[in-house]
Amino acid sequence: MKIKTLLAGVAMLGALALTATGCAGSGDKAGGDKPITVGFAQTGSESGWRAANTESMKKAFSAENGFDLVFNAADNKQEAQIAAVRSFINQGVDAIVIAPITVDGWDDVLKEAKDANIPVILEDRTVSASPDLYASWVGLDFTQEGKTAGEWVKKNFDGKGANLVVLEGTTGSSAALDRSTGFNDAIKGTDIKVLDSQTGDFTRDGGKKVMEGYLQKYGKSINVLFAQNDDMGLGALDAIKAAGLTPGVDIQIVTIDAVKDGMTALSKGEFNYIVECNPLLGDKAAELVKAVLAGDTVEKKTIVADQSFDQEQAAKVLDSRPY
Ligand code: AHR
(Lines give C-alpha, C1' and ligand atoms only; values in the text may rest on other atoms or scores of the structure.)
Protein backbone atom coordinates (compact mmCIF):
# COMPACT_ATOMS: atom_id res chain seq x y z
CA MET A 1 0.00 0.00 0.00
CA LYS A 2 2.77 2.34 1.01
CA ILE A 3 4.79 1.52 -2.13
CA LYS A 4 1.68 2.12 -4.33
CA THR A 5 1.14 5.54 -2.78
CA LEU A 6 4.82 6.36 -3.27
CA LEU A 7 4.69 5.30 -6.94
CA ALA A 8 1.55 7.35 -7.52
CA GLY A 9 3.28 10.33 -5.94
CA VAL A 10 6.34 9.90 -8.16
CA ALA A 11 4.13 9.64 -11.26
CA MET A 12 2.31 12.84 -10.30
CA LEU A 13 5.55 14.70 -9.74
CA GLY A 14 6.75 13.52 -13.14
CA ALA A 15 3.58 14.82 -14.78
CA LEU A 16 3.95 18.16 -13.01
CA ALA A 17 7.58 18.43 -14.09
CA LEU A 18 6.57 17.78 -17.71
CA THR A 19 3.84 20.42 -17.53
CA ALA A 20 6.31 22.92 -16.06
CA THR A 21 8.83 22.22 -18.84
CA GLY A 22 6.09 22.61 -21.42
CA CYS A 23 5.11 26.00 -20.00
CA ALA A 24 8.60 27.41 -20.04
CA GLY A 25 9.74 25.90 -23.32
CA SER A 26 9.74 27.82 -26.59
CA GLY A 27 8.07 26.70 -29.78
CA ASP A 28 4.59 25.98 -28.42
CA LYS A 29 3.38 29.35 -27.21
CA ALA A 30 2.74 31.54 -30.22
CA GLY A 31 -0.60 31.35 -31.90
CA GLY A 32 -2.36 29.18 -29.26
CA ASP A 33 -5.64 30.05 -27.56
CA LYS A 34 -4.02 30.82 -24.23
CA PRO A 35 -2.52 34.31 -23.89
CA ILE A 36 1.28 34.58 -23.83
CA THR A 37 2.39 35.72 -20.40
CA VAL A 38 5.11 38.35 -20.64
CA GLY A 39 6.91 40.03 -17.74
CA PHE A 40 8.13 43.50 -18.71
CA ALA A 41 10.76 45.13 -16.48
CA GLN A 42 10.68 48.86 -17.28
CA THR A 43 13.33 51.28 -15.92
CA GLY A 44 10.90 53.66 -14.20
CA SER A 45 9.08 56.81 -15.24
CA GLU A 46 11.90 59.33 -15.43
CA SER A 47 11.01 61.13 -18.66
CA GLY A 48 8.48 61.90 -21.39
CA TRP A 49 10.37 59.41 -23.57
CA ARG A 50 9.87 56.70 -20.95
CA ALA A 51 6.11 57.45 -20.74
CA ALA A 52 5.83 57.09 -24.53
CA ASN A 53 7.86 53.86 -24.45
CA THR A 54 5.69 52.36 -21.69
CA GLU A 55 2.54 53.26 -23.61
CA SER A 56 3.93 51.69 -26.79
CA MET A 57 4.81 48.48 -24.90
CA LYS A 58 1.44 48.24 -23.14
CA LYS A 59 -0.39 48.74 -26.42
CA ALA A 60 1.67 46.10 -28.23
CA PHE A 61 1.48 43.54 -25.39
CA SER A 62 -2.29 43.89 -25.02
CA ALA A 63 -4.86 41.14 -24.39
CA GLU A 64 -6.21 41.97 -27.85
CA ASN A 65 -2.85 40.97 -29.33
CA GLY A 66 -2.81 37.70 -27.37
CA PHE A 67 -0.70 38.72 -24.37
CA ASP A 68 -1.07 38.78 -20.63
CA LEU A 69 1.37 41.51 -19.55
CA VAL A 70 2.92 41.64 -16.08
CA PHE A 71 4.34 45.17 -15.86
CA ASN A 72 6.95 46.43 -13.42
CA ALA A 73 8.64 49.86 -13.28
CA ALA A 74 11.74 49.85 -11.07
CA ASP A 75 12.06 53.57 -10.26
CA ASN A 76 15.50 53.48 -11.89
CA LYS A 77 16.90 51.20 -9.20
CA GLN A 78 18.96 48.37 -10.64
CA GLU A 79 18.39 46.00 -7.67
CA ALA A 80 14.62 46.52 -7.91
CA GLN A 81 14.69 45.77 -11.63
CA ILE A 82 16.70 42.58 -11.12
CA ALA A 83 14.27 41.55 -8.34
CA ALA A 84 11.36 42.08 -10.75
CA VAL A 85 13.00 39.83 -13.35
CA ARG A 86 13.55 37.15 -10.67
CA SER A 87 9.92 37.36 -9.71
CA PHE A 88 8.90 36.89 -13.39
CA ILE A 89 11.07 33.77 -13.46
CA ASN A 90 9.42 32.46 -10.27
CA GLN A 91 5.98 33.14 -11.73
CA GLY A 92 6.93 31.03 -14.76
CA VAL A 93 6.06 33.64 -17.39
CA ASP A 94 6.47 32.59 -21.03
CA ALA A 95 8.90 35.39 -21.91
CA ILE A 96 10.61 38.37 -20.27
CA VAL A 97 11.25 41.81 -21.77
CA ILE A 98 13.73 44.15 -20.08
CA ALA A 99 14.65 47.81 -20.64
CA PRO A 100 17.90 47.53 -18.64
CA ILE A 101 18.64 50.52 -16.40
CA THR A 102 22.40 49.96 -16.44
CA VAL A 103 24.75 48.07 -18.72
CA ASP A 104 26.42 45.91 -16.06
CA GLY A 105 25.11 43.46 -13.46
CA TRP A 106 22.85 41.28 -15.61
CA ASP A 107 24.84 38.05 -15.98
CA ASP A 108 23.39 36.11 -13.03
CA VAL A 109 19.71 36.83 -13.52
CA LEU A 110 19.90 36.33 -17.29
CA LYS A 111 21.52 32.97 -16.64
CA GLU A 112 18.69 32.10 -14.23
CA ALA A 113 16.12 32.94 -16.94
CA LYS A 114 18.03 30.82 -19.44
CA ASP A 115 18.20 27.90 -17.00
CA ALA A 116 14.42 28.22 -16.52
CA ASN A 117 14.04 28.12 -20.31
CA ILE A 118 12.39 31.56 -20.39
CA PRO A 119 13.54 33.67 -23.36
CA VAL A 120 14.56 37.27 -22.69
CA ILE A 121 14.16 40.13 -25.17
CA LEU A 122 15.91 43.42 -24.44
CA GLU A 123 14.39 46.70 -25.56
CA ASP A 124 15.80 50.25 -25.57
CA ARG A 125 19.15 49.93 -23.73
CA THR A 126 21.86 47.29 -24.00
CA VAL A 127 23.78 45.16 -21.48
CA SER A 128 27.40 44.02 -21.19
CA ALA A 129 26.35 40.37 -20.51
CA SER A 130 27.04 37.72 -23.14
CA PRO A 131 24.58 37.84 -26.09
CA ASP A 132 24.02 34.10 -25.52
CA LEU A 133 22.02 35.03 -22.43
CA TYR A 134 19.24 36.83 -24.31
CA ALA A 135 17.36 36.12 -27.50
CA SER A 136 17.27 39.53 -29.13
CA TRP A 137 17.49 43.30 -28.63
CA VAL A 138 15.53 46.16 -30.22
CA GLY A 139 16.63 49.73 -29.62
CA LEU A 140 18.38 52.82 -30.89
CA ASP A 141 21.91 53.73 -31.95
CA PHE A 142 22.81 55.87 -28.93
CA THR A 143 26.39 56.42 -30.12
CA GLN A 144 25.10 57.86 -33.38
CA GLU A 145 22.61 60.06 -31.48
CA GLY A 146 25.47 61.54 -29.44
CA LYS A 147 27.57 61.92 -32.58
CA THR A 148 24.80 63.80 -34.41
CA ALA A 149 24.41 66.15 -31.42
CA GLY A 150 28.21 66.67 -31.32
CA GLU A 151 28.39 67.35 -35.05
CA TRP A 152 25.78 70.09 -34.65
CA VAL A 153 27.85 71.65 -31.83
CA LYS A 154 31.01 71.36 -33.92
CA LYS A 155 29.36 72.98 -36.94
CA ASN A 156 28.06 75.91 -34.90
CA PHE A 157 30.78 76.49 -32.29
CA ASP A 158 34.16 75.24 -33.54
CA GLY A 159 36.63 78.10 -33.96
CA LYS A 160 34.79 80.34 -31.49
CA GLY A 161 36.45 79.14 -28.27
CA ALA A 162 33.00 78.21 -26.92
CA ASN A 163 32.32 76.88 -23.42
CA LEU A 164 30.10 73.81 -23.17
CA VAL A 165 28.37 72.04 -20.28
CA VAL A 166 26.83 68.57 -20.40
CA LEU A 167 23.86 67.04 -18.57
CA GLU A 168 24.44 63.28 -18.63
CA GLY A 169 21.75 60.62 -18.31
CA THR A 170 21.60 57.83 -15.73
CA THR A 171 25.11 56.82 -14.70
CA GLY A 172 26.08 53.42 -16.11
CA SER A 173 23.20 53.28 -18.62
CA SER A 174 24.08 52.45 -22.21
CA ALA A 175 22.08 55.52 -23.29
CA ALA A 176 24.37 57.84 -21.28
CA LEU A 177 27.63 56.00 -21.95
CA ASP A 178 27.16 55.67 -25.71
CA ARG A 179 25.82 59.20 -26.20
CA SER A 180 28.89 60.55 -24.36
CA THR A 181 31.19 58.47 -26.58
CA GLY A 182 29.53 59.61 -29.80
CA PHE A 183 29.42 63.26 -28.72
CA ASN A 184 33.04 63.38 -27.51
CA ASP A 185 34.24 61.77 -30.74
CA ALA A 186 32.40 64.38 -32.78
CA ILE A 187 33.89 67.40 -30.96
CA LYS A 188 37.39 65.91 -30.70
CA GLY A 189 40.02 68.23 -32.22
CA THR A 190 37.83 71.37 -31.95
CA ASP A 191 38.51 74.34 -29.65
CA ILE A 192 35.23 73.74 -27.78
CA LYS A 193 35.94 73.60 -24.05
CA VAL A 194 33.91 71.16 -21.92
CA LEU A 195 33.57 73.07 -18.64
CA ASP A 196 31.64 70.36 -16.81
CA SER A 197 29.71 67.11 -17.30
CA GLN A 198 27.45 65.71 -14.56
CA THR A 199 24.46 63.42 -14.36
CA GLY A 200 20.92 64.77 -14.16
CA ASP A 201 19.50 61.20 -14.17
CA PHE A 202 17.40 61.84 -17.29
CA THR A 203 14.89 63.83 -15.14
CA ARG A 204 13.65 67.44 -15.25
CA ASP A 205 14.47 67.97 -11.59
CA GLY A 206 17.97 66.57 -12.09
CA GLY A 207 18.55 68.80 -15.13
CA LYS A 208 17.34 71.88 -13.27
CA LYS A 209 19.49 71.27 -10.18
CA VAL A 210 22.69 70.50 -12.07
CA MET A 211 22.17 73.50 -14.39
CA GLU A 212 21.64 75.79 -11.37
CA GLY A 213 25.01 74.58 -10.08
CA TYR A 214 26.67 75.20 -13.46
CA LEU A 215 25.23 78.72 -13.62
CA GLN A 216 26.45 79.52 -10.13
CA LYS A 217 29.92 78.20 -10.92
CA TYR A 218 30.43 79.39 -14.51
CA GLY A 219 27.91 82.24 -14.80
CA LYS A 220 27.56 83.85 -18.20
CA SER A 221 30.60 82.10 -19.65
CA ILE A 222 28.47 79.08 -20.72
CA ASN A 223 27.68 79.24 -24.45
CA VAL A 224 26.20 75.85 -25.16
CA LEU A 225 24.47 73.01 -23.30
CA PHE A 226 24.29 69.38 -24.41
CA ALA A 227 21.47 67.67 -22.46
CA GLN A 228 21.37 63.93 -23.09
CA ASN A 229 17.57 64.01 -23.08
CA ASP A 230 14.76 66.54 -23.54
CA ASP A 231 13.58 66.39 -19.93
CA MET A 232 16.94 67.47 -18.49
CA GLY A 233 17.06 70.25 -21.10
CA LEU A 234 13.54 71.34 -20.09
CA GLY A 235 14.58 71.43 -16.42
CA ALA A 236 17.64 73.47 -17.40
CA LEU A 237 15.37 76.03 -19.13
CA ASP A 238 13.91 76.97 -15.73
CA ALA A 239 17.38 77.44 -14.25
CA ILE A 240 18.57 79.52 -17.23
CA LYS A 241 15.49 81.78 -17.15
CA ALA A 242 15.78 82.18 -13.36
CA ALA A 243 19.38 83.34 -13.89
CA GLY A 244 18.06 86.11 -16.17
CA LEU A 245 19.40 84.52 -19.36
CA THR A 246 17.54 83.67 -22.57
CA PRO A 247 17.66 79.97 -23.48
CA GLY A 248 18.31 79.34 -27.16
CA VAL A 249 20.12 82.71 -27.43
CA ASP A 250 22.49 83.33 -24.49
CA ILE A 251 22.93 79.59 -24.04
CA GLN A 252 22.25 77.40 -27.06
CA ILE A 253 20.81 73.98 -26.28
CA VAL A 254 21.01 70.64 -28.05
CA THR A 255 19.10 67.67 -26.64
CA ILE A 256 18.09 64.10 -27.52
CA ASP A 257 14.60 62.48 -27.68
CA ALA A 258 12.21 64.76 -29.63
CA VAL A 259 9.21 64.22 -27.34
CA LYS A 260 6.30 66.68 -27.56
CA ASP A 261 7.53 69.07 -24.82
CA GLY A 262 11.05 69.10 -26.25
CA MET A 263 9.80 69.75 -29.78
CA THR A 264 7.54 72.54 -28.44
CA ALA A 265 10.56 74.20 -26.78
CA LEU A 266 12.50 73.82 -30.04
CA SER A 267 9.76 75.33 -32.17
CA LYS A 268 9.53 78.25 -29.69
CA GLY A 269 13.27 78.93 -30.07
CA GLU A 270 14.23 77.87 -26.53
CA PHE A 271 16.10 74.77 -27.74
CA ASN A 272 18.30 74.94 -30.84
CA TYR A 273 18.54 71.34 -32.07
CA ILE A 274 17.10 67.93 -31.14
CA VAL A 275 18.27 64.47 -32.15
CA GLU A 276 15.38 62.02 -32.10
CA CYS A 277 15.31 58.82 -30.03
CA ASN A 278 12.28 56.81 -31.12
CA PRO A 279 10.38 55.33 -28.13
CA LEU A 280 7.87 53.35 -30.20
CA LEU A 281 9.52 49.96 -29.78
CA GLY A 282 6.49 47.95 -28.57
CA ASP A 283 5.35 46.39 -31.86
CA LYS A 284 8.83 45.13 -32.73
CA ALA A 285 9.37 43.76 -29.20
CA ALA A 286 6.02 41.91 -29.34
CA GLU A 287 6.83 40.53 -32.79
CA LEU A 288 10.19 39.26 -31.48
CA VAL A 289 8.58 37.59 -28.45
CA LYS A 290 6.09 35.73 -30.67
CA ALA A 291 8.79 34.69 -33.12
CA VAL A 292 11.15 33.44 -30.41
CA LEU A 293 8.38 31.45 -28.71
CA ALA A 294 7.41 29.95 -32.07
CA GLY A 295 11.00 28.73 -32.39
CA ASP A 296 11.81 31.04 -35.33
CA THR A 297 15.29 32.41 -35.86
CA VAL A 298 15.33 36.15 -35.11
CA GLU A 299 17.85 38.94 -35.65
CA LYS A 300 20.08 39.41 -32.63
CA LYS A 301 19.73 43.19 -32.86
CA THR A 302 17.28 45.56 -34.47
CA ILE A 303 18.13 49.26 -34.65
CA VAL A 304 15.23 51.67 -35.12
CA ALA A 305 16.05 54.74 -37.23
CA ASP A 306 16.19 58.25 -35.73
CA GLN A 307 16.06 61.70 -37.36
CA SER A 308 16.97 65.18 -36.11
CA PHE A 309 15.32 68.59 -36.12
CA ASP A 310 16.23 72.28 -36.13
CA GLN A 311 13.78 74.99 -34.99
CA GLU A 312 12.09 75.42 -38.36
CA GLN A 313 11.69 71.69 -38.95
CA ALA A 314 10.27 71.24 -35.43
CA ALA A 315 7.59 73.89 -36.01
CA LYS A 316 6.54 72.13 -39.21
CA VAL A 317 6.11 68.64 -37.72
CA LEU A 318 5.03 69.51 -34.17
CA ASP A 319 1.31 68.85 -34.65
CA SER A 320 1.84 65.51 -36.35
CA ARG A 321 4.23 64.03 -33.77
CA PRO A 322 2.73 60.87 -32.21
CA TYR A 323 4.39 61.35 -28.80
O1 AHR B 1 17.19 54.90 -22.89
C2 AHR B 1 16.56 55.96 -23.54
C3 AHR B 1 16.58 57.16 -22.66
O4 AHR B 1 15.96 56.89 -21.44
C5 AHR B 1 15.87 58.38 -23.18
O6 AHR B 1 16.61 59.17 -24.03
C7 AHR B 1 15.59 59.10 -21.91
O8 AHR B 1 14.67 60.15 -22.02
C9 AHR B 1 15.08 57.96 -21.13
O10 AHR B 1 14.88 58.18 -19.83
Side-chain angles (χ1 to χ4, degrees), residues 40-57 72-78 80-81 97-106 121-128 137-150 166-183 199-208 210 225-237 253-266 271 273-282 284-285 301-309 321-323:
F40 173 40
Q42 179 60 287
T43 59
S45 51
E46 69 279 4
S47 64
W49 189 97
R50 191 58 57 191
N53 179 250
T54 295
E55 199 187 320
S56 163
M57 295 293 284
N72 181 278
D75 198 21
N76 281 290
K77 297 189 172 65
Q78 168 91 339
Q81 197 177 35
V97 182
I98 311 173
I101 297 167
T102 52
V103 174
D104 294 331
W106 288 100
I121 308 292
L122 304 178
E123 73 112 21
D124 168 25
R125 301 181 189 168
T126 54
V127 295
S128 58
W137 164 78
V138 55
L140 303 309
D141 187 342
F142 296 135
T143 309
Q144 183 56 51
E145 290 172 355
K147 195 169 173 223
T148 307
V166 181
L167 291 169
E168 295 169 23
T170 302
T171 304
S173 66
S174 65
L177 292 165
D178 295 351
R179 284 172 186 169
S180 294
T181 302
F183 185 86
T199 182
D201 278 327
F202 280 136
T203 65
R204 281 191 199 203
D205 265 9
K208 184 172 177 220
V210 177
L225 163 67
F226 169 41
Q228 290 187 350
N229 80 343
D230 285 349
D231 280 81
M232 292 190 293
L234 291 162
L237 287 185
I253 302 171
V254 53
T255 71
I256 296 178
D257 273 356
V259 294
K260 203 64 145 204
D261 288 354
M263 291 292 274
T264 304
L266 183 61
F271 283 176
Y273 198 67
I274 299 184
V275 182
E276 186 186 43
C277 178
N278 191 337
L280 307 181
L281 307 176
K284 184 67 194 179
K301 57 181 201 172
T302 306
I303 295 179
V304 174
D306 292 320
Q307 31 179 339
S308 41
F309 305 91
R321 296 286 291 167
Y323 52 87

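Remember, it's 1-based here, ligands and their atoms both numbered in the order they're listed. Predicted, not measured: the structure shown is a model, and the values here were computed from it.
- R125 contributes no side-chain N or O that, together with a main-chain N or O of A175, makes up a donor-acceptor pair within less than 3.5 Å.
- Side chains of Q78 and D104: a donor-acceptor N/O pair is absent below 3.5 angstrom, by distance only.
- Between L266 and D230 there is no side-chain heavy-atom pair separated by less than 4.5 Å.
- L237 approaches A265 most closely through the heavy-atom pair CD1-CB, 4.2 Å.
- No donor-acceptor pair under 3.5 Å is formed between the side chain of E46 and the backbone N or O of D201.
- Between N229 and D257 the shortest heavy-atom distance is CB-OD2, 3.4 Å.
- Listed by chain and number, E46, S47, W49, R50, D124, R125, F142, A175, R179, F202, N229, D257 each place a non-hydrogen atom less than 4.0 angstrom from ligand 1.
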